[in-house]
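Worksheet: one structure, shown below.
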Amino acid sequence: MKLSKLKLCNYRCFGNNEQTILIENITSFIGNNSSGKTAALLALNCMFSNNTGDRILKRSDFHLPKDMKPEDLESQELYIEAVFTFDELENGKEGTSSVPTFFKSLVVDMPDGTPYLRIRLEATWEKSSNVEGAIESKIYYITCPESEEITEEFKSPANRKDLDRIRVIYVPAVRDPSKQLKNASGTMMHQIMNSINWSATTQGKVKTKIQELNDQFLEEKGVSILGTSIHTQWETYDSDMRYSNAQLRFNSTDIDSSIKKSEVVFLPTITGKECTINDMSDGLRSLFYISLVDSILDVESKIQQEILTDPEHVSFNHKPPILTIIALEEPENHIAPHLIGQLVSNLKKIASKSNAQTVLTSHSTAIIKRFDPEKLRYFRLDANDCTTKVCSITLPDKEKMADQYKFIKEAVKAYPELYFAKLVILGEGDSEEIILPRIWNAKNGNIDTSGISIVPLGGRHVNHFWRLLNDLCIPYITLLDLDKEREGGGWGRIKYVLRQLIQNGCDKNTLLQTCDGILSDVDFEGMHNWDIKETEGLQGWITMLEQYNIFFSSPLDIDFLMLEHYEHIYKDLLSEKEGPRLMVDENGQKHQKFIIDIESSGMCYPEYEKRVTDDVHHTLKYCGGNGKTYSESQKKLMVWYTYFFLNRGKPSTHIEAFSQISDGMLASAMPPVFERLVAAAEKALQGEK
């Protein structure tokens, strides 16, 4: 039996439009603070908690619409619905008594369909003379398919005894693990320990030993004096015959009373003493709490096995729940970073059990990146009506677009911070990750406080990232390399972006509008073959695409752009014996000369001209052009591009350059495209389009 859906309407921050949350074996709720993640866990706890107090609804559980004062609300209705499926029915697996319990309440959508279970909490709040108002609530089995309207004839009252077969263990973000880790009333330890079937022999021996211990205890002179005084003095205060004989006892002779004092201890280590749970740090207690939940589920699984195989000789007088849902808030709290991986592994292990599921919330990118995106549910508070919206992560079709599916899946796992960003800037690669934060800092201060996330994607499958971010309602800007004269660059890059926008739902006629009318399909398909020298027309398309927050590092890529605008900074990084060099022929003799000396001297060497030609080809890559659309100074700069970025490495060169550039210097010579990109980012952060 597994929870497959949670439906919420008018519960806390969930408004009048029903939100359906799909649940897997293990599911992580993500989103910014106050987006409704905790409310969803509390909704589950409200239906299936073992603690009666958790199931009591309060006035604050009913949604208050935006712009309405509490005193103006006369009544409100809410519902929470949980939909369960059964693996034994769907996959032919043997059941563990889950189906018989709920058999009469199962629902099927169609002939030969797989049955499922709908449990629904409905509640009404009305204003009354009571400060909290009048609250009525009931839990029903819903016996009609989800596609049909629910009427009274399809509501069957749910028996609490049966509902207790489903258990939610809610672990809040601010927690006191020490309470749950002792054998106190109401804890998991107490429930299991209290259900052990003690043999008569064991009970007799324990009672005898405890009595012997008490007798020995009372023989001690000091204890005898204290006990006599307690008895004598009490007689002077009260004469009730039931309580007249007060005695001091070391321990109860009742085995049930004795086991209540049991707790987990840790055997002596190098310190020479045993440790208790109170000696542990908060982080270790949290980890051990999760471990205890794992242990209890394991024991309950063994109990169920005993019931099935040997019902006459069971070890526990306890009927385990059919399903336990661990509702865990922010498991990363108090946990050292190097233990996060093991923690997630253990949570997945718990979720793999036949009698358990795990639902957790997290703000930790270290945890989120360890989850497949399919198991994430994104929570967002809609600013228009202050209600929570929930959606799954949008990925390409796994069957039809296998390569794209794998790429996007791995990309979002590698950069989970995009889920929490106020703005995402999609870039080409490592250089953008280094350069763009410094550009923003030079204009607007620390990029981290701005909530901007920079995600490199290599220019691949941008339409899927756009669709994902659109679904999450996260604004984004895209910076791509124009790659003029490189294969697929220039007009080919413009055509690629236009095609991606069309696939993402942009109006084709608007996108392809020109001075001569709408671009025909034939002309559009041949765009990549347009004359690369037609720079004015190319710039017109680049300017138009900036209206869609798509920018280009022109004419080549962001590395060439930086080198062109901060040339002297990059060249000044070199010592006297560093830099590109070549052998030149002077008066019949070969001399090694640095390129920088050749360029500063203004002399013309055939070897240098050949070097420029070779490095143009290196820069524009295999199947690229010959540099005909670049100026002579740009071609010469490609010698340095080859040296810095093809031979030395892009990230290290940019990092070294930025160590020599102040924010003032960076801003004074900033490429215009960066100025426009920063302006677009500022608008996006302010909610402008």
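With hydrogens and angles left out, the side-chain atoms of Thr324 and Arg167 include a donor and acceptor closer than 3.5 Å. The closest side-chain donor-acceptor pair between Ser49 and Asn51, if any, does not fall under 3.5 angstrom. Ser315 and Glu306 share a donor-acceptor pair across their side chains, judged by distance under 3.5 Å alone.
Between Thr38 and Tyr170 the shortest side-chain heavy-atom distance falls below 4.5 Å. Between Lys353 and Asp294 there is a side-chain heavy-atom pair separated by less than 4.5 Å. Side-chain contact between Tyr79 and Ile150: absent, with no pair of heavy atoms (C-beta onward) separated by less than 4.5 Å.
When each of Lys349, Lys348, Gln342 is tested with Asn346 by the rule side chain to side chain donor-acceptor pair (under 3.5 Å), just one qualifies, namely Gln342.
Between Phe86 and Phe102, the ring planes are tilted. Angles from 30° to 60° get that label.
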Please tabulate, one pair per line, all N/O donor-acceptor pairs under 3.5 Å involving side-chain atoms of residues 134-145, not counting sequence neighbours.
from   : atom 1 : to     : atom 2 : distance (Å)
Thr143 : OG1    : Phe154 : O      : 3.2

Working note: Glu329 + Lys37, criterion side chain to side chain contact (heavy atoms under 4.5 Å, CB included); need CA distance, chi angles, decisive distance, verdict. CA-CA 9 Å; Glu329 278 201 86; Lys37 303 183 297 295; over 6 Å; no
Using salt bridge (charged side-chain N to carboxylate O under 4.0 Å, His left out), reason through Glu417 and Lys369 one step at a time and then give a plain yes or no. CA-CA 9 Å; Glu417 59 270 17; Lys369 71 181 181 181; over 6 Å; no
Just do the side chain to side chain contact (heavy atoms under 4.5 Å, CB included) check on His464 and Lys409 with the steps written out, would you? CA-CA 10 Å; His464 295 299; Lys409 178 178 176 179; over 6 Å; no
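Salt-bridge annotation for Glu132 and Lys58: absent, with no side-chain N of the basic residue lying under 4.0 Å from a carboxylate O of the acidic one. We find that Glu374 and Lys398 are not joined by a salt bridge, their nearest charged nitrogen and carboxylate oxygen being 4.0 Å or further apart.
Not counting sequence neighbours, the partners of Phe407 by the ring-ring contact (aromatic ring centres under 6.0 Å, His included) test are His461. With sequence neighbours excluded, no residue satisfies side chain to side chain donor-acceptor pair (under 3.5 Å) with Ser75.
Checked by atom type and distance alone, the side chain of Arg467 never pairs as donor or acceptor with a backbone atom of Gly505 at under 3.5 Å. Listed for the Gln76 side chain is a donor-acceptor partner under 3.5 Å among the backbone atoms of His63.
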